[in-house]
Structures are given as structure tokens and as C-alpha cells.
Amino acid sequence: MKILVVGGGGREHTVIRKLRENPAIETIWALPGNGGIAADATCVPIAATDIPAIVRFAVENQADYAVVTPDDPLVLGCVNALEAEGIPCFGPRAEAAIIEGSKVFSKHLMQKYGIPTACFATFDNMDAALSYLEDAPIPTVIKADGLALGKGVIIAFSREEAMDAVRGMMAEKRFGASGEKIVIEEYLEGPEVSVLAFTDGNAMVPMVSSMDHKRAGDNDTGLNTGGMGTIAPNPYYTAEIAQKCMNEIFLPTMRAMNAEGRRFKGCLYFGLMLTANGPKVIEYNCRFGDPETQVVLPLLETDLLTVMQAVTEERLSEIDVRFSRRCACCVILASEGYPVSYRKGFPLVIPEEIRGQVYVAGAAIREDGCLVTSGGRVAGCTAVADTLPEAIEQAYAIADCVHFENAFFRHDIGQRALKALQHNAAPSGEKEQ
Ligand code: AMP
Ligand code: GLY
């Protein structure tokens, strides 16, 4: 079997490694892949957003199946275009990917179907947005409607900051067309949980929960990034909360998309906040999260291709999707200066004995054959162990063995989760309120 994987980050490296466990797969092409992925797949220099070129390549090479994981090709209709040529795919069509592609769409969907989320208002006119802010509760959250590389969310702790954010998006067009419409929403508080779920529109199969660490610096300081590390499972996400999310969020979302004629097939990502008033949706993503995938897929015990094909063929309910009860931790090594500006092109050294535990996010192969850094996030060092403390310790030990000039990483990945675990284990009288 010949499979094409669209994308070229740490998430795609993880998906490719997991697919490789299936002996029926002879060839995996990564479009475009990256210098680290090249050890596990054939990289083809076609951009993940060049849909006509992706389709041409798939047809010419008679790909049997395609896995599309990044947000932009999904929102641009990559799956629709491949399916039109008869190539079965894993990933939602454009009409369903809009659940991530437009925050205005997803907020209205949640409102219409009673799915818990922050209270909000949407605007396509700046003056109306500014006058709304005159007496809106502060802090408040301003979100650009469209895709913005994870940067289109601004949490404003003063009215002035909120107004500046609106002007930045709507007048200065800081996020281009993505900010022509905006959402202004209620500021929520509570632990965050990421839940990825396989769904074919009939069944909803949540994967192991995880926790991302979005800020660049230790103790959640510094700028928001794509994610500096993850752990799984997330100790805040108890069986009771999981059940509530299934009934109040996951299944209602699946049914809502069906009712709108936008059946979602693929991996649906629920970004949740566990507030004092119950779990609420912070965001939907139409794809696997990065770096959530790096801790979730290593815990998947069922063959990934089997699950993906069941989603494509709408028979997910017929298969048993199993996860290990172990724990995982991923520590991201990034280039100093990420997420703003950083130097690249430094030799990246990954010792052979740990190669299987390093998912490469940003590397290229130089003309002389040397693997060099090529991105902000460079490598995800991942360990699976029986307990979370062991997984954290081992992920850091792997990170210590991967070298490139100007590397930086967070030192506290998993620490908040460990505190939650200690709290859960404490006799109830000793728990903090
Ligand atoms: P997003 O790109 O939508 O995931 O937002 C980035 C981050 O902003 C989230 O992970 C949250 O930490 C934070 N955030 C988004 N919406 C809210 C909200 N309504 N209240 C508080 N924090 C939020
Ligand atoms: N880690 C969050 C995301 O993939 O958007």
C-alpha cells in the first residue's frame, strides 16, 4: 500500500512513524516532510498548501490513501480535491474543516446547539466592536475569525488593550483577511485539557487526553507558541469529566455538524477549559494537535491505518480503538527567539539510540548531507513510561542528548500535571480549595 501524508512538522513525523508499524504499508510519501522525516518517509518538495500539485502527485503515483493533517490544506479543500480523483483520505472536507477555519462559524454552531462555550459577540465592523468594548467585562478575549498560526487570540487585561487588539486586527489587518471578522468573548478560567477524537460522523472515539504548554517560558510566561511540550493523560480530566464532555460537548458537536450538512470525518480536536461551571469549549481544531499528537499516538495500541480507514469508510463503531494506560511526555526543543525571530541552519545531532523517540519538527538536509535546523520548533523529545514522573524524567534525558546551537526548552513541562496528581491523591481534608 502506498500512502501520502500531507504536512511536514513533528505531528506528521509522529503520524508517519505510527503508520510505519503496519507491515502492509510499502511506501509513505511526505509532502513536503522535513529533513528528519526523510529517515522514515520519502519527502517530496510540494508545499502542503499547493493542492493542485498534491493531487497531481497522488494521481501520477497511484497513491492508495492520503492523510491530511495540517489546518490550511484541510480548510482549502485538499480532501475534497483528492476524493474527486478517487483517492480515499483521512481528514475532514472543507465544509467540515470550517469548524477550525472560522471561529465565527464555530461560536454560532455552539450557540445554536447549546454546546457550552464562553459567551461571545461577533463583529465585521470595527466601530461596532469598539463601542461594544466600552462596557464589556474585563479581562476579555479577542479572536480573529480565520486561521492565524495560533496567534490570533489576544487576552486583554484592560479596556485599552482590548481596543488596541481590535484595531490591530480590523484596521491594521495584522492577521490579514483572518481578522476581517472577529469574536469578542468572555474570559474563562480553569485548567485546560486537549482531547483529540476520531470521528466518522456516526461514532465519536476520544483518544487519551493531554495537556499542552503554550507559553514560551517556564511557569507560563512569555509569548504564546504553537506548544512547547505536552503530557498525556491529563490528570485534571477525570472519568466523570470525560463522561460529561462526551454527553454535553463531543456527541452534540458531531450531531450539530451532521445537522448542518457538514459531516466531520477525521480527527476533531476539542480545546477545553474546566471552569467552575463545567467544561467549556475554548476552540475546535479540525486535525491532530501539535505537539499533542506526539504524546497521544505513542499510546495508541490499535493499528493507526486500521482506525483511519474505518473513519474514511464510516465504520468506526465496528472497531475497537485501544490506548495504553501508560503516560507520555514530549519536550520541545526550539530555536532561541521562537516564536518571533530566530536563526536556523545549525547542525542538528540526534544520537541513533534515541532517534525513535525524537519527532523532528523543523530540520532540513543541507547540500553536504548534514541535518540542520530549519524552524522555530525543531524537535519533540518524547518518552512513554509507567508513571508521569518517569515519563517527564526520561523525556528530559532524551532532550539532553539532542544538540544544536541556540536550542532552548521549557524546564517545567508536566509540573502542573504532577501537582494535580498530588492533589488528587491527597486525603480530601488536605485538598486546597
Ligand atoms: P486558541 O488559539 O483558541 O487555542 O487560544 C489560545 C489560548 O488562549 C488558549 O489555549 C487559552 O489558554 C487562551 N484562551 C482562549 N480563549 C480563552 C477564553 N475565552 N478565556 C481564557 N483564555 C482563553
Ligand atoms: N497544540 C495546539 C494546536 O495544535 O493547535
Side-chain angles (χ1 to χ4, degrees), residues 68-77 79-80 91-124 129 140-155 165 169-170 175-188 190 192-199 201 204 206 212 214 224 245-275 278-290 292:
V68 185
T69 34
D71 49 5
D72 349 317
L74 289 167
V75 169
L76 290 170
V79 168
N80 309 55
R93 296 179 186 153
E95 56 272 27
I98 191 176
I99 199 165
E100 173 170 5
S102 167
K103 288 193 173 13
V104 170
F105 169 85
S106 66
K107 293 300 290 192
H108 284 138
L109 183 86
M110 289 186 270
Q111 184 179 50
K112 181 169 170 188
Y113 293 92
I115 297 164
T117 187
C119 298
F120 71 100
T122 64
F123 300 92
D124 55 14
T140 189
V141 183
I142 320 286
K143 298 186 172 183
D145 175 48
L147 299 178
L149 295 169
K151 294 179 187 159
V153 174
I154 293 170
I155 300 178
M169 286 182 196
M170 302 188 90
F175 304 107
S178 286
E180 278 169 11
K181 286 190 236 166
I182 62 164
V183 173
I184 301 183
E185 72 177 25
E186 176 196 11
Y187 174 72
L188 298 176
E192 284 185 54
V193 182
S194 306
V195 179
L196 317 181
F198 291 111
T199 178
M204 174 67 72
D212 195 3
K214 286 213 161 104
N224 250 328
C245 290
M246 188 64 163
N247 295 337
E248 295 177 10
I249 295 174
F250 305 162
L251 290 172
T253 301
M254 184 184 88
R255 294 186 192 119
M257 290 298 276
N258 288 342
E260 294 293 309
R262 297 176 183 276
R263 174 185 283 263
F264 189 102
K265 288 167 59 172
C267 172
L268 183 52
Y269 169 127
F270 298 89
L272 306 171
M273 197 170 269
L274 308 181
T275 74
K280 296 196 178 183
V281 178
I282 287 283
E283 63 162 346
Y284 291 115
N285 289 331
C286 64
R287 53 174 173 87
F288 286 101
D290 190 345
E292 283 88 344

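As the structure is a computational prediction, the values presented were derived from the model and not from experiment.
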Look up atom CE in M110 and atom OG1 in T117, then write down how far apart they are to the nearest 0.5 Å. 3.5 Å
Do E186 and V141 touch side chain to side chain, with heavy atoms closer than 4.5 Å? no
Is the distance between the ring centroids of Y284 and F270 less than 6.0 Å? yes
Would you compute the distance between atom CZ of F105 and atom CD of E95 and round it to the nearest 0.5 angstrom? 10.5 Å
Between the side chain of T253 and the main-chain N/O of I249, is any donor-acceptor distance below 3.5 Å? yes
Which heavy atom of G152 sits nearest a heavy atom of F175, and at what distance? CA-CZ, 3.9 Å
Quick check against the 3.5 Å criterion: does T140 have a side-chain atom that pairs as donor or acceptor with the backbone of E185? yes
List the atom of S194, the atom of E292, and the distance in Å for their closest heavy-atom pair. OG-OE2, 3.0 Å
Could you report the tightest heavy-atom contact between A144 and G179, atom names first, then the distance? CB-CA, 4.0 Å
Measure the shortest side-chain to side-chain distance between I154 and M169 over non-hydrogen atoms and say whether it is less than 4.5 angstrom. yes
For atom CZ of R262, is the number of surrounding heavy atoms from other residues, nucleotides or ligands below 6.0 Å larger than 12? yes
Quick one: does V281's side chain get under 4.5 Å of P116's, heavy atoms only? no
E260/K112 ion pair, N-O < 4.0 Å: yes
With no hydrogens and no angle check, do the side chains of K181 and T122 hold a donor and an acceptor under 3.5 Å apart? no
What is the minimum heavy-atom distance between C286 and L74, and which atoms define it? O-CD1, 3.5 Å
Side chains of M246 and M204 in contact at under 4.5 Å (non-hydrogen atoms): yes
S178 side chain vs L147 backbone, donor-acceptor pair below 3.5 Å: yes
Output for pair (C119 SG, L188 CG), nearest 0.5 Å, gives 8.0 Å
Inter-residue atom distance R287.CZ - D71.CG, 0.5 Å rounding: 5.0 Å
Compute the centroid of each ring, for H108 and then for F120, and state whether the two points are separated by less than 6.0 Å. yes
Any donor-acceptor pair under 3.5 Å from K107 side chain to A118 backbone: yes
Would you please name every residue forming a side chain to side chain donor-acceptor pair (under 3.5 Å) with N224, sequence neighbours left out? none
If you compare all heavy atoms of V75 against all heavy atoms of G101, which two are closest, and at what distance to 0.1 Å? CG2-CA, 3.9 Å
Would you say that C245 contacts L272 through its side chain, given a criterion of any heavy-atom pair below 4.5 Å between the two side chains? yes
Identify the two heavy atoms, one from A165 and one from I142, that lie closest to each other, and give their separation to 0.1 Å. CB-CG1, 3.9 Å
Supply the atom-to-atom distance K280 NZ to T275 OG1, rounded to the nearest 0.5 angstrom. 4.5 Å
Show your working on side-chain contact (heavy atoms from CB on, under 4.5 Å) between L274 and V193 and close with a plain yes or no. CA-CA 8 Å; L274 308 181; V193 182; 3.6 Å; yes
In the structure I gave you, are the side-chain heavy atoms of P92 and K265 within less than 4.5 Å of one another anywhere? no
Do I99 and M257 come close enough that some side-chain heavy atom pair is under 4.5 Å? yes
Sub-3.5 Å donor-acceptor pair from the side chain of D145 to the main-chain atoms of I182, do we have one? no
Are the side chains of Y269 and V195 in touch, meaning some heavy atoms are under 4.5 Å apart? no
Rounded to the nearest 0.5 Å, what's the gap from CZ on F198 to CG on L268? Could you check? 12.0 Å
